[in-house]
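Numbers here are sequence positions counted from 1. This structure is a prediction, so every number in the text was calculated from the model and none was measured.
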Amino acid sequence: MVQLTATPLSALVDEPVHIRVTGLSPFQVVCLQASLKDERESLFYSEAYFKASEAGEVDLERDASLGGDYVGVHPMGLFWSLKPEKLLTRLIKRDVMNSSFQIELKLCEPYFPVKYEPASAPMASLTTERWYVAPGVTRIQVREGNLRGALFLPPGEGRFPGVIDLFGDAGGLNEFRSSLLASHGFASLALAYWGYDDLPAQLEKVDLDYFEEAVNFLLSHPKVFGPGLGIVSTCKGAEIGLSMAIHLKQIIATVLINGTNFIADVPQIYHGQISQPAPRFIGYKSVSALGFAEYYRIFENIDDENCQYFLPVEKAQGHFLFIVGEDDKSLNSKVHAAQATEQLRRNGKNNWTLLSYPGAGHLIEPPYSPLCRASRIPFVLPAIHWGGEVIPHAAAQEHA
């Protein structure tokens with residue numbers, strides 16, 4: 001009897017699943033398919049082909065995919081190779097507390113997908129649950145003073161190390177990373193700063209006083225271990241995270257994922273002092289073969305000859321972790337990280353670590369997340385090419 005198993009059936013989204021098939025004929029070729037629908041009913045799907053062993057078994061931890069959405073031995077390949085049925089759809093979990101992503105796995109006979117040749121019924125199927133929050137994690141809506149966001153606390157009395165979680169140019173409130181951080185023992189504040197609740201509908205300036213207020217709020221919480229905090233930040237959020245590390249002594253560790261080492265697009269304000277953004281040259285914008293915008297060259301003029309725009313990273317007291325996708329088509333993150341680390345080195349600082357990943361794109365997300373190559377963000381036309389190749393991008397997410 002053919003059996004399909006996935007262990008564990010229910011787990012955090014960043015935890016691996018062991019997929020096995022038994023009861024096949026010796027050396028039988030089969031197709032494993034994965035699919036899920038997000039909260040907006042958008043479909044994501046993947047498939048891979050395998051040849052059973054002489055014992056009639058397929059083990060994804062041992063056996064290579066012969067073809068499909070990936071090739072080779074990749075135990076979680078069916079998960080990170082999920083792709084949207086509708087182009088430009090990014091997989092994002094909105095309600096992290098009350099539901100999981102349900103990924104259906106099917107074991108099928110290979111067939112050629114033409115209309116007059118209907119697929120046979122699956123030989124076996126099952127459904128796995130992928131959660132963004134561990135049991136016992138609590139979520140607290142934050143609407144205190146100027147702050148808007150959500151605080152996630154691990155189970156237990158605490159105290160816990162505190163983290164502020166910042167995303168970028170898409171705006172709104174993204175909670176999926178903070179809920180995972182809390183699931184691994186951090187008190188994490190998912191902080192919105194535009195496009196959410198009564199915050200500005202468009203990002204016209206970055207007021208660092210707002211982020212200083214968030215630091216003081218988090219440190220004042222009785223379950224947060226002080227006196228320092230960490231930051232996890234992506235894109236525009238990484239620019240802000242870098243500025244926070246420079247200006248706020250409470251920031252002792254900063255993760256910067258594909259950001260700039262200068263102020264971009266809109267001014268920063270701190271205690272009334274205005275810092276203007278670096279000039280960009282939109283003439284260096286390019287368009288991919290599929291019509292997606294690529295902006296990674298528009299700051300090529302910000303180099304050592306225009307270093308007055310570089311943020312004074314050497315003033316930061318905490319440690320930096322720069323995470324770079326070398327195939328980032330939105331920002332030239334590799335160059336920006338190299339400029340920042342060279343500036344630190346010249347000033348006698350060794351408070352940094354650089355992780356740089358060939359083939360990884362802009363949106364480096366939790367392990368086993370599908371690659372989003374392109375999507376739309378508010379107020380920007382056309383859709384943005386984020387870059388990345390499926391297998392190296394997945395490897396970067398798992399390693400980082």
Student: With a 4.5 Å cut-off on side-chain heavy-atom distances among I, L, V, M, F, W and Y, is there a chain of contacts connecting L173 to L199?
Tutor: yes

Student: Distance alone, cut at 3.5 Å: any donor-acceptor contact between the side chains of T254 and H319?
Tutor: no

Student: Does atom OH of Y270 have more than 12 heavy-atom neighbours from other groups under 6.0 Å away?
Tutor: yes

Student: May I ask you to check whether T234 and R177 show a side-chain donor-acceptor distance below 3.5 Å?
Tutor: yes

Student: Quick one: does K236's side chain have a donor or acceptor within less than 3.5 Å of a partner on A264's backbone?
Tutor: yes

Student: Verify whether the ring centers belonging to H336 and F262 lie closer than 6.0 Å.
Tutor: yes

Student: Between R373 and E389, is a salt bridge (Lys or Arg N to Asp or Glu O under 4.0 Å) present by the stated rule, with each step listed?
Tutor: CA-CA 8 Å; R373 275 205 180 97; E389 297 298 327; 3.3 Å; yes

Student: Would V206 and I269 count as a side-chain contact (heavy atoms from CB on, under 4.5 Å) here? Give the steps.
Tutor: CA-CA 6 Å; V206 170; I269 303 172; over 6 Å; no

Student: Any side-chain to backbone donor/acceptor pair from N174 onto A190? Under 3.5 Å, distance only.
Tutor: no

Student: Take atom CZ of R40 as the centre, draw a 6.0 Å sphere, and report whether it contains more than 12 heavy atoms from other residues, nucleotides or ligands.
Tutor: no

Student: For R90 and S375, which heavy atoms make the closest approach, and how far apart are they?
Tutor: CB-CB, 4.5 Å

Student: When you measure from the side chain of H385 to the backbone of A293, do you find a donor-acceptor pair of N or O atoms at a distance under 3.5 Å?
Tutor: no

Student: Within the distance-only criterion (no hydrogens, no angle test), does the side chain of S100 pair as donor or acceptor with the backbone N or O of E129 below 3.5 angstrom?
Tutor: no

Student: Counting heavy atoms not belonging to R376, are there more than 12 under 6.0 Å from its CZ?
Tutor: no

Student: So which of L191, I257, V232 actually passes side-chain contact (heavy atoms from CB on, under 4.5 Å) with L166?
Tutor: L191

Student: When F50 is tested against each of V21, L60, L24 for side-chain contact (heavy atoms from CB on, under 4.5 Å), which residue passes?
Tutor: L60

Student: For D38 and S42, indicate whether the former's side chain and the latter's backbone hold a donor-acceptor pair under 3.5 Å.
Tutor: yes

Student: Would you call K205 and D207 a salt bridge, using N to O less than 4.0 angstrom?
Tutor: no

Student: Tell me whether Q141 contacts the main-chain N or O of G149 through its side chain, where contact means a donor paired with an acceptor under 3.5 Å.
Tutor: yes

Student: How far apart are the C-alpha atoms of H399 and Y357, what are their side-chain angles, what is the distance that settles it, and do they pass the side-chain contact (heavy atoms from CB on, under 4.5 Å) test?
Tutor: CA-CA 10 Å; H399 182 270; Y357 298 103; 2.6 Å; yes

Student: Using a 3.5 Å distance criterion without hydrogens, assess whether the side chain of N261 forms a donor-acceptor pair with backbone atoms of Q339.
Tutor: no

Student: Less than 6.0 angstrom from the centroid, inside 45 degrees of the normal: does K93 satisfy that with respect to the ring of F101?
Tutor: yes

Student: Please determine whether residues I103 and M123 belong to a single hydrophobic cluster, defined as Ile, Leu, Val, Met, Phe, Trp and Tyr linked transitively by side-chain heavy-atom distances below 4.5 Å.
Tutor: yes

Student: Could you tell me which non-hydrogen atom of V137 sits nearest to which non-hydrogen atom of M97, and how far apart they are?
Tutor: O-CE, 3.4 Å

Student: Less than 6.0 angstrom separating the ring centers of F281 and F299, yes or no?
Tutor: no

Student: Can the ring centres of F176 and F167 be said to be less than 6.0 Å apart?
Tutor: yes

Student: Could you give me the CA-CA distance, side-chain angles and deciding distance for S53 and R62, then say whether side-chain contact (heavy atoms from CB on, under 4.5 Å) is met?
Tutor: CA-CA 10 Å; S53 67; R62 176 196 66 204; 4.2 Å; yes

Student: Pair F211, Y193 - check ring-ring contact (aromatic ring centres under 6.0 Å, His included), show working.
Tutor: CA-CA 9 Å; F211 299 92; Y193 54 98; 5.5 Å; yes

Student: How long is the gap from CG on D165 to CG on L189, to the nearest 0.5 Å?
Tutor: 8.5 Å

Student: Taking all non-hydrogen atoms of both residues into account, name the closest pair between D69 and Y45 and its distance.
Tutor: OD2-O, 4.4 Å

Student: Are K285 and E294 within salt-bridge range, i.e. N to O under 4.0 Å?
Tutor: no

Student: Measure the SG-CG distance between C108 and L105 for me, rounded to the nearest 0.5 Å.
Tutor: 10.5 Å

Student: Under the 3.5 angstrom rule, does the side chain of K349 hit a backbone N or O of V313 as a donor-acceptor pair?
Tutor: no

Student: Does atom OH of Y284 have more than 12 heavy-atom neighbours from other groups under 6.0 Å away?
Tutor: no

Student: Test salt bridge (Lys or Arg N to Asp or Glu O under 4.0 Å) on R143 and D197 and set out the steps.
Tutor: CA-CA 9 Å; R143 207 174 193 277; D197 197 40; 2.8 Å; yes

Student: Checking S81 side chain against G77 main chain: does a donor-acceptor pair fall under 3.5 Å?
Tutor: yes

Student: side-chain contact (heavy atoms from CB on, under 4.5 Å) for F186 and F152? Distances and angles first, verdict last.
Tutor: CA-CA 8 Å; F186 294 90; F152 291 85; over 6 Å; no

Student: Under 6.0 Å between ring centres, would you say that holds for W80 and Y70?
Tutor: yes

Student: Mind checking the OG-CD spacing from S356 to E326? Nearest 0.5 Å is all I need.
Tutor: 3.5 Å

Student: If you measure only the distance, is there a donor-acceptor pair under 3.5 Å linking the side chains of H18 and D59?
Tutor: yes

Student: Starting at CG of L43, measure out to CD of E85 and round the result to the nearest 0.5 Å.
Tutor: 4.5 Å

Student: Could you check E57 against T22 for side-chain hydrogen bond (donor to acceptor under 3.5 Å, both in side chains), going step by step and ending with a plain yes or no?
Tutor: CA-CA 5 Å; E57 298 178 355; T22 57; over 6 Å; no

Student: Are there more than 12 heavy atoms of other residues, nucleotides or ligands under 6.0 Å from atom CD of E157?
Tutor: no

Student: Would the distance check show the side chain of T127 and the main-chain N or O of Q102 forming a donor-acceptor pair, the cut-off being under 3.5 Å?
Tutor: no

Student: Indicate whether the side chain of E104 and that of Q33 have a donor and an acceptor atom separated by less than 3.5 Å.
Tutor: no

Student: With a sphere of 6.0 Å drawn around CG of D198, does it hold more than 12 non-hydrogen atoms of other residues, nucleotides or ligands?
Tutor: yes

Student: Please say whether the positively charged group of K223, taken as NZ for Lys or CZ for Arg, lies over the ring of F160, i.e. under 6.0 angstrom from the six-membered ring centre and within 45 degrees of the axis.
Tutor: no

Student: Which distance, rounded to the nearest 0.5 Å, do you find between the CG of L180 and the NE2 of H184?
Tutor: 5.5 Å

Student: Taking all heavy atoms of L4 and all of L32, pick out the closest pair and write down the distance.
Tutor: CD1-CD2, 3.9 Å

Student: Indicate the atoms forming the closest heavy-atom contact of G241 with S233, along with that distance.
Tutor: CA-OG, 4.3 Å

Student: Could you walk me through whether S178 and R139 satisfy the side-chain hydrogen bond (donor to acceptor under 3.5 Å, both in side chains) test, starting with their C-alpha distance in whole Å, then the side-chain angles of each, then the deciding distance to 0.1 Å, before giving a yes or no?
Tutor: CA-CA 10 Å; S178 277; R139 178 190 184 276; over 6 Å; no

Student: Are N258 and I323 packed together at the side-chain level, in the sense that at least one heavy-atom pair is separated by less than 4.5 angstrom?
Tutor: no

Student: Over all heavy atoms of both residues, which pair between E39 and S99 is shortest? Give the atoms and the distance, please.
Tutor: OE2-OG, 4.2 Å

Student: Let's go through Y309 and Q276 carefully: what are the C-alpha distance in whole Å and the side-chain angles of both, what is the deciding distance for side-chain hydrogen bond (donor to acceptor under 3.5 Å, both in side chains) to 0.1 Å, and is it a yes or a no?
Tutor: CA-CA 9 Å; Y309 294 106; Q276 295 296 335; over 6 Å; no

Student: Other residues, nucleotides and ligands only: do more than 12 of their heavy atoms fall within 6.0 Å of CD on E144?
Tutor: no

